[in-house]
Amino acid sequence: MGLVVQKYGGSSVADAEGIKRVARRIVDTKKRGHQVVVVVSAMGDTTDELIDLAEQVSPIPAGREFDMLLTAGERISMALLAMAIKNLGHEAQSFTGSQAGVITDSVHNKARIIDVTPGRIRTALDEGNIAIVAGFQGVSQDKKDITTLGRGGSDTTAVALAAALDAEVCEIYTDVDGVFTADPRVVKKARKMDWIAFEDMLELASSGSKVLLHRCVEYARRYNIPIHVRSSFSGLPGTWVSSERPASLASRDHVSQGSQGGSPVEQAIISGVSHDTSEAKITVVGVPDKPGEAATIFRAVADAEINIDMIVQNVSAAATALTDISFTLPKSEGHKAMEALSRAQTVIGFDSLRYDDQIGKISLVGAGMKTNPGVTATFFEALSNAGVNIELISTSEIRISVVTRADDVNSAVQAVHSAFGLDSDSDEAVVYGGTGR
Ligand code: ADP
Ligand code: ASP
Ligand code: MG
């Protein structure tokens, strides 16, 4: 029996009952003969509550202190979980990210893991313990400051530890039964996939399906770690995310396809529809239409260490030779970006800035898209029939994304999901917990 890494998200450990339930699952895994390393998130919406608190104190908190604050959430759940396991008569020890050897760069709030040295975890396992590790946090290599890996970062901690410890599998336990063709909170008829390839999962994750974080999938693909996404509230098998479809799925798959009454989703053109309401749009109004302007704008944003997503430049009005440039970015970076651009206003020479956080993004993802010319037309027809207005468009080889009003997102996702025949004709997808925040 090999080593298993299990990650439990915030909704799975939302209260004392949740912690005790998760502790029982962990002990059961240990009893089956596995060595178990558990990565745990902060309880429920603790991280959001800490962020709200910080914002009341300072609109742009210092990165170092912000990370110090947020990592407190995972410290609470890791200690409580270790206590609950001990209470069941098994040995457990909790570790902060730093103690677990999660070494990162020093970019606060979205640090990248650069090395994992899990010596203390190995020792704890060898001594018969279950090791509990605080997710989402590490320590910077140069300054030895505490860092966080960005929202949802516990998924990345789990895969990174699975790679460093050469685990058999990385199980991600959450509040739904696996990866669905759309967010089951929005589309009740979403279908659970038995398997999804790393590539498709990467696109779904990067376009907003927060069931798995993009960086976590990237890491898993690089080290070829199979991920099993499943519910901590049910005993059902979940979704495998891996390079090849696991051979063991063949028979079970047949049954589940039968019960879902549909064709295998993984052979379809489309793997899913994702949405994201965590972004905002900034419009730089009245930019001189000459070479170098976009470069100056995006240099100012990049120097503030802000990642941008979609960009559109309006055709310049001949009379004024001025143009507007709009781009999207995480809402959490909105303040910082507006400040950086305001500082650069005289150099760039634009008229004004507009900030809009009432937007949403809908993306259609599927490897079959590049060879099926009808996909784009069906996508836009579905949006049009749902009365949804489109503000920005971007595409990749296997994805089309549009930005709309935030209010339109749910109806847009439902319309697109139906238009591509993804609606399941069996039971509704179950959401066991969480607030969807
Ligand atoms: P955790 O607290 O376990 O990390 P998250 O809230 O980060 O959980 O992720 C699980 C949530 O992801 C689900 O409750 C669901 O609302 C959302 N989600 C979005 N897209 C999908 C999808 N395609 N399949 C499954 N869940 C999805
Ligand atoms: N607690 C962190 C968050 O809410 C990390 C995680 O849950 O993965 O983003
Ligand atoms: Mg998550």
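Indexing begins at 1, ligand by ligand and atom by atom, following the structure's order.
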| request: Test salt bridge (Lys or Arg N to Asp or Glu O under 4.0 Å) on R122 and E127 and set out the steps. | output: CA-CA 9 Å; R122 279 253 182 248; E127 289 171 352; over 6 Å; no
| message | Between K361 and D309, is the side chain to side chain contact (heavy atoms under 4.5 Å, CB included) condition met? List the steps. | response | CA-CA 11 Å; K361 182 171 75 171; D309 182 14; 2.6 Å; yes
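Judged by the shortest distance from any of its heavy atoms, D175 lies inside the 4.0 Å radius around the atoms of ligand 1. Ligand 1 is never approached by H275 to a heavy-atom distance shorter than 4.0 Å. Distances shorter than 4.0 angstrom occur between a heavy atom of S11 and an atom of ligand 1. Heavy atoms of P184 approach ligand 1 to within less than 4.0 angstrom. Using a 4.0 angstrom heavy-atom cutoff, G10 does not count as in contact with ligand 2. Taking a 4.0 Å cut-off on heavy atoms, G10 registers as neighbouring ligand 1.
Separation of atoms OG (S231) and NZ (K192) is listed at 9.5 Å; rounding is to 0.5 Å. To the nearest 0.5 Å, the span separating OG on S209 from CE on M201 amounts to 5.5 Å.
Taking only non-hydrogen atoms, the option from D183, D276, D177 nearest to atom 18 (N) of ligand 1 is D183. Looking at G178, S274, S271, S232 and measuring to atom 25 (C) of ligand 1, the nearest heavy atom belongs to G178. Comparing S154, G135, A134, A42 against atom 6 (C) of ligand 2, the shortest heavy-atom distance belongs to S154.
Proximity to F136 (heavy-atom distance under 4.0 Å) selects the following atoms of ligand 2: 2 (C), 5 (C). The V179 neighbourhood of ligand 1 comprises atoms 24 (N), with distances under 4.0 Å to a heavy atom of that residue. Counting atoms of ligand 2 from 1 in the listed order, those under 4.0 Å from a heavy atom of S41 are 6 (C), 7 (O), 8 (O). Listed by atom number, the atoms of ligand 2 under 4.0 Å from G152 heavy atoms are 3 (C), 5 (C), 6 (C), 8 (O), 9 (O). Atoms of ligand 1 lying under 4.0 Å from any heavy atom of T174, numbered from 1 in the order shown and given with element: 1 (P), 3 (O), 8 (O), 9 (O), 10 (C). Below 4.0 Å from some heavy atom of F180 lie the following atoms of ligand 1, by number and element: 22 (C), 23 (N), 24 (N), 25 (C).
Side-chain atoms of S271 come within 3.5 Å of backbone N or O of V365 as a donor-acceptor pair.
Checked by distance only, ligand 1 and V431 stay at 3.5 Å or farther apart across all their nitrogen or oxygen atoms.
Using a 4.0 Å cut-off between a side-chain N of Lys or Arg and a carboxylate O of Asp or Glu, R230 and E171 qualify as a salt bridge.
The shortest distance between side-chain heavy atoms of T239 and I196 falls below 4.5 Å. Using a 4.5 Å heavy-atom cutoff, the side chains of S394 and M310 are in contact.
Looking at atom 4 (O) of ligand 2, its nearest protein heavy atom turns out to be R151 NH2, 2.9 Å. Annotation: atom 27 (C) of ligand 1 to nearest protein heavy atom, V211 CB, 3.7 Å.
D423 and S418 make their closest contact through OD2-OG, 2.8 Å (heavy atoms, listed as atom of the first residue, atom of the second, distance). Minimum interatomic distance between A131 and F95 (heavy atoms only, all atoms of both residues): CB-CE1, 4.2 Å.
With a 4.0 Å cut-off on non-hydrogen atoms, K210 touches ligand 1 through its backbone as well as its side chain. Counting heavy atoms under 4.0 Å from ligand 1, residue K7 touches it through the side chain alone. Of the heavy atoms in V176, only side-chain atoms (C-beta onward) come closer than 4.0 Å to ligand 1.
The six-membered or imidazole ring of F327 lies near that of F298, with a centre-to-centre distance under 6.0 Å.
Remark: R21 qualifies as a cation-pi partner of F233 under the 6.0 Å distance and 45° angle criteria applied to the six-membered ring.
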